[in-house]
Every structure is written in C-alpha cells, then in structure tokens.
Chemist: 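Got a structure for you, questions after.
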Protein chains: 2
Amino acid sequence: MATIQDVAKLAGLSRTTVSRVINDHPYVAEEKKRLVTKAMEELNYVPNSSAQRLRKQATETIAVYVPRITNPFFSQLVESMENAAAQKGYQLILCQTRYKKKQELFYLELLRTKQVDGLVLTSIENNWDDIKPYLAYGPIVLCNEYSDEAEVPVIHLDQVEGGYIGTKHLISQGYKRIGYCSGNHKSSRVAGDRRIGYLKAMKEAGLPVYPEWYYDSAYSVSDGMRIFSIIESQDNKPDSVFTGSDEVAAGIAKAAKKAGWRVPDDLAIIGFDNQPLAELMDLTTVEQPIDTIGRLAMEKMIEEILSKRPQRRKRTELPLKIIQRSST
Amino acid sequence: MATIQDVAKLAGLSRTTVSRVINDHPYVAEEKKRLVTKAMEELNYVPNSSAQRLRKQATETIAVYVPRITNPFFSQLVESMENAAAQKGYQLILCQTRYKKKQELFYLELLRTKQVDGLVLTSIENNWDDIKPYLAYGPIVLCNEYSDEAEVPVIHLDQVEGGYIGTKHLISQGYKRIGYCSGNHKSSRVAGDRRIGYLKAMKEAGLPVYPEWYYDSAYSVSDGMRIFSIIESQDNKPDSVFTGSDEVAAGIAKAAKKAGWRVPDDLAIIGFDNQPLAELMDLTTVEQPIDTIGRLAMEKMIEEILSKRPQRRKRTELPLKIIQRSST
C-alpha cells in the first residue's frame with residue numbers, strides 16, 4: 001500500500017509539503033497541490049483515518065452498551081440508535097456487557113483511550129462511583145436504565161407508571177392474587193421503579209403481596225418456563241402475573257398451555273415492551289416507545305460531543321401504555 | 001485535558017523524550033522514565049489511541065454488515081461474532097445496510113479510510129464487482145450470504161440442502177401442493193440456492209410447481225400475514241408452504257389461526273432458522289447453526305487481518321437439520 005513517502009517521491013516534493021496539501025494547510029502553491037493530488041491518485045493513496053482523527057481529536061464513533069443484542073428490546077433500541085447516528089455521520093461500536101460488571105468496565109476503557117467520542121449505556125452493572133471517573137474523558141448518556149447519582153443526561157421511561165398501570169390493568173380485570181416477575185438487579189432502577197408501581201397499585205386496592213409470589217432472575221423465554229413450573233408447584237398460587245418482559249410472559253404462557261392451563265382463565269399474564277412476540281402470542285403488554293428513546297438518546301449524545309460543555313443531569317421521561325390482548 | 005506538552009513541561013524534559021517513554025523506545029534512562037510516568041499520572045494523561053493506532057497501522061476494529069439488527073437471525077449472528085471478537089481484543093462496528101445498495105457502499109468507505117481493519121458481510125446488496133475494489137484496503141469475509149465471484153473466505157450454510165430437506169419433510173408428511181416464500185433478492189445466493197433445493201425435491205416427487213404459489217418479498221411477521229391473505233384469496237390454494245424464515249412462518253400461522261384455519265390440517269407451515277419464536281409458536285423449522293457460523297467467520301476475519309496475505313477463496317459449508325413441531 002502506498003505511503004506518504006511514496007507520494008512525496010512521485011510528486012518530487014517533500015513529505016512536509018504532501019502533508020500540508022492533505023491537511024489543507026494555507027500557503028501551498030497551486031502547482032504543488034496539483035502535483036500532490038495527481039501522485040495520490042496514481043498511487044491510490046488514502047490518508048490514514050487515524051492520522052486525520054488524531055488531528056481532529058474526534059473519532060466520530062460512539063460506543064453503545066447493551067446486556068445482550070439478542071434481547072429484542074435491545075436490538076430494537078440499537079437499531080433506532082444506529083439509524084440516528086448514521087444520519088449524522090457517526091458509527092456505533094456495539095458492546096455487550098452480558099450483565100457482567102467486569103465486561104462493562106473493560107469497555108469503559110474505549111472512552112479513556114479515546115477510541116470513541118462518547119458512550120450510551122442502556123444498562124448499568126457497576127455502581128455509578130465506578131463509572132463516574134470516566135466522564136473526564138468524554139460524555140456519557142443513559143438510555144433506559146438510570147441512576148439517581150448520575151450527573152448526565154438520561155432518556156428513560158416512567159417505570160413506576162409502567163408497574164402501576166400494568167398491575168392496575170390486572171386488578172381492573174378482577175384478578176386479586178397478583179404475582180410479580182423481576183430481573184432483580186440490585187443496581188437496576190428500572191426493576192426497582194416497576195416494583196414500586198406494582199406495590200402502589202396493590203396497596204391502593206388493599207390486595208395482599210406474598211413473598212412467594214415474587215419470582216426473580218426473569219429475563220428470557222426459558223426463565224418464564226422455569227417460573228411457570230414454580231407456580232405450578234405452589235400451594236398458594238397466584239391467579240395472574242405481572243412480568244417485566246414479553247419474553248418472560250411468552251415463556252410462562254407457553255409452559256402453562258403445555259401443562260393444560262387456560263390463559264387467562266387459570267393464569268392471566270401481562271408482558272412488557274410490546275415486541276412482535278407479544279402480538280404473535282396474543283399477550284397483553286405494557287408498550288414502551290423504544291424507537292423514540294433510542295433516537296432521542298443518540299441525538300442527545302451527539303449534542304453532548306459537539307458542545308464540549310461539562311455534562312449535566314437532565315432527565316427526559318416518556319410515558320407508557322397498555323396494549324390489551326387475550327392473555328388477561 | 002492534559003497534552004504531551006504538559007507532561008514534558010511538568011517532567012522538565014523534552015517532548016521527544018516523553019514520546020520515547022510512551023512508545024517504549026530503547027535507550028531511555030530509567031530516571032527519565034520515572035519522571036515521565038510520574039508526570040503522566042499527576043496530569044492523568046492518557047496517550048491518544050489514534051496516535052497509537054497510527055503507529056501500529058491497525059484499528060483492532062472490525063465492521064459487521066447486517067441488513068437489520070432487529071431480525072433475530074442477524075442479532076444472534078452478531079452476538080456470536082461480538083463474543084468471538086471480544087475474546088481476541090477486537091471491537092465491532094455495527095453497520096445496518098437496510099437492504100440498500102447505497103448504504104452498503106457508504107459503509108465500505110470505513111475500510112478504504114482505514115477506520116476498520118476488515119469487514120464481515122452477512123448480506124450482499126451490490127454486485128461483487130462493486131465491492132471487489134475495496135479488497136485493496138483490507139480483508140473481507142462473507143458469512144451467511146455468498147457470491148461465486150468473491151475470491152474471499154466464505155462461511156455459510158448449505159442452502160440447497162436447506163430448501164431440499166424442508167420440502168422433502170413436507171412431502172414425507174403427505175403434502176402435495178407446496179407453496180414457496182422467498183426474500184427474493186435477485187443478488188441473493190441464499191434465496192437462489194434454497195429455491196434450487198425446493199425445485200429438486202418437487203421434481204423428484206413429480207409434484208407440480210405453480211407460479212401463483214411463489215410468494216416473494218417475504219422477510220417479516222407482517223409479510224407472513226400479507227402472504228396468508230393472498231393464499232386465502234386464491235382459487236388454487238397450496239396445502240402447505242415452505243418459508244425462508246421463522247418470522248414469515250409465524251406471521252402466516254398467526255393470520256391463518258385468526259381466520260379460523262387449522263394448522264397444519266388446513267395449511268402446513270415450515271419455518272427456517274429455529275429462532276426462540278419457532279419454539280414458542282410450535283413451528284417445524286430448518287435449524288441453522290447460527291452461533292457456529294458467526295464464531296467461525298470472526299475467527300477467520302482476525303486470521304486474515306493478522307496474516308496480511310492476499311485473500312483467497314475458501315468455502316466452509318455447514319449442514320442444516322429439520323426440527324419437527326406441530327405446524328406440519
């Protein structure tokens with residue numbers, strides 16, 4: 001591959017002159033410009049992007065953290081972010097944290113070593129105190145997951161309301177023994193806030209909340225199947241379950257039907273997200289405007305990169321709504 | 001943010017000496033190394049990655065092209081690639097081509113301008129002649145989609161066999177009027193080969209193939225629903241359909257059940273991929289070993305980057321198998 005030296009040699013000029021032409025330096029004679037451009041074309045020479053980025057001190061690349069890209073909620077979020085970034089000439093580096101603290105910290109190094117201009121976190125595994133020092137190296141925007149300590153922009157959904165309207169919906173349909181599934185990350189505000197909404201609705205209706213109706217570590221279809229087998233074995237059974245995910249709800253519905261239970265007569269189930277899966281499985285769900293939060297988060301990220309101002313806390317909270325189908 | 005000049009000033013040494021310490025240059029006195037390291041620590045100075053990459057002539061970043069990340073086939077493929085890349089210290093830039101030629105060419109510039117070390121294409125929108133010139137700038141590996149002209153490594157599945165075993169399965173269950181759904185990209189070898197397998201099985205069994213049983217532009221759940229409404233309106237109806245995707249199959253099954261049809265009695269449906277969706281919807285499907293092809297493609301990519309040899313055509317073809325469920 002041709003180097004800048006090759007260009008200089010062919011043009012019969014110094015390396016410094018070639019470099020000045022590439023960098024649009026003023027005071028370079030037109031004839032020299034012409035000779036350099038011609039030599040570059042002949043040699044098919046392309047200035048190295050690392051060199052250009054070094055001069056610009058910008059990578060035009062943004063890292064996006066997701067726990068797993070195969071979770072349809074996160075793939076839809078990343079799709080909307082990629083669309084918004086591409087429109088402004090930015091690329092996305094995809095970082096899967098796999099719900100692991102260590103993996104999250106590993107990728108934070110991308111910011112410290114200036115391989116990306118900024119980070120969008122859709123989940124948070126570490127304490128904010130461990131993430132905060134990285135703000136010295138570039139902006140961070142939170143999207144979906146949030147933290148009260150984080151002095152950065154946050155685009156998220158009103159999860160207290162999500163837990164509340166989902167539970168209220170079940171209560172309005174006549175259910176009284178309402179179980180609760182949660183991803184149960186201790187650090188997750190999303191899970192914590194939804195639980196607050198659930199407890200609020202239960203308290204308002206004067207309904208009992210039993211510890212055995214709290215099903216944790218619920219993320220996937222297979223988790224939903226596992227939760228159904230717990231419900232099946234319980235003496236004190238719920239008549240309905242609030243889940244934090246359409247995948248979990250689909251797993252419960254699938255296992256329940258396989259065991260000969262009628263949904264919703266024997267067990268009502270409410271999902272979360274309104275993924276295509278929810279429509280296919282006829283699941284009532286709490287719809288999240290995923291495309292909107294993805295786009296807003298990416299636009300905010302690029303704004304933060306370009307402004308170069310210190311970051312400030314700014315919370316953008318979007319509403320949720322119930323989509324009723326046959327599972328409740 | 002601290003610069004190399006700041007470090008030099010605080011250490012009381014020249015910029016050249018600081019640069020030598022950063023780059024592990026030999027013949028730097030231990031005392032000078034100590035002073036520079038101390039100054040770097042005090043100033044919280046981090047050498048710029050663009051500068052380091054410029055020296056190494058490597059970005060340790062690989063671009064992965066997918067049509068859409070929300071298609072579960074591609075999100076699973078990207079997940080397995082990201083795992084394999086992270087294990088070897090590489091990052092992935094996610095490029096969504098959205099089935100558009102122009103978008104694909106736009107991202108090819110990442111290679112030309114040395115923003116990535118290599119490209120993995122999981123789909124191909126342009127003619128190979130338009131992609132080929134970019135091989136001058138770095139390696140390309142094809143994964144899933146393939147092209148006979150491409151003189152690069154290809155990791156793919158035996159799609160002729162996929163179309164053949166899927167169709168043979170329907171024939172073995174007694175179906176005789178077998179429809180066919182396809183993504184119908186003219187440039188897609190995947191779609192073309194599956195069709196060859198279908199036609200081969202139909203011919204062997206002496207079954208008729210009517211043009212009205214060919215349903216094209218089938219990619220998503222909603223395409224499946226649209227295709228069912230075509231089938232419903234046809235005088236000459238198929239008794240079963242081969243689809244190229246679990247999402248299309250799920251859409252057909254959903255719409256058929258909604259219209260009061262029994263699956264498989266009124267219409268048998270076979271999917272492709274064996275996504276979680278297929279299990280949830282009880283769809284018979286042709287399983288693709290997605291994680292394996294993703295991992296193999298990424299390992300091959302990194303091998304190509306490190307070897308720096310000219311690329312050669314090398315085809316790795318993996319087998320497929322039928323997973324039978326209640327839709328056939």
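Side chains included, hydrogens not; waters and symmetry mates left out as well; all remaining heavy atoms used. Proteins come first, then strands; the chains are lettered A, B, ... in the order of their sequence lines, and each starts at number 1.
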Chemist: Please examine the side chains of Glu60(B) and Gln115(A), heavy atoms only from C-beta on, and report whether any two atoms are closer than 4.5 Å.
Modeler: no
Chemist: Highest number of heavy-atom pairs under 4.5 Å with chain A: which of Asn83(B), Leu277(B), Val221(B)?
Modeler: Asn83(B)
Chemist: Is there any residue in residues 65-76 of chain B with a non-hydrogen atom under 4.5 Å from a non-hydrogen atom of chain A, and which ones are they?
Modeler: Arg68(B), Ile69(B), Thr70(B), Ser75(B), Gln76(B)
Chemist: Ion pair present between Arg98(B) and Glu82(A), side-chain N to carboxylate O less than 4.0 angstrom?
Modeler: yes
Chemist: Determine whether Leu92(A) and Ile93(B) make a side-chain contact, defined as any pair of heavy atoms from C-beta on separated by less than 4.5 Å.
Modeler: no
Chemist: Please report the interatomic distance CG(Leu280(A)) to CE(Met281(B)), rounded to the nearest 0.5 Å.
Modeler: 4.5 Å
Chemist: Give, as side chain, backbone, both or neither, the part of Met225(A) having an atom under 4.5 angstrom from any heavy atom of chain B.
Modeler: side chain
Chemist: Do any N or O atoms from the side chain of Lys254(A) and from the backbone of Glu279(B) form a donor-acceptor pair under 3.5 angstrom?
Modeler: yes
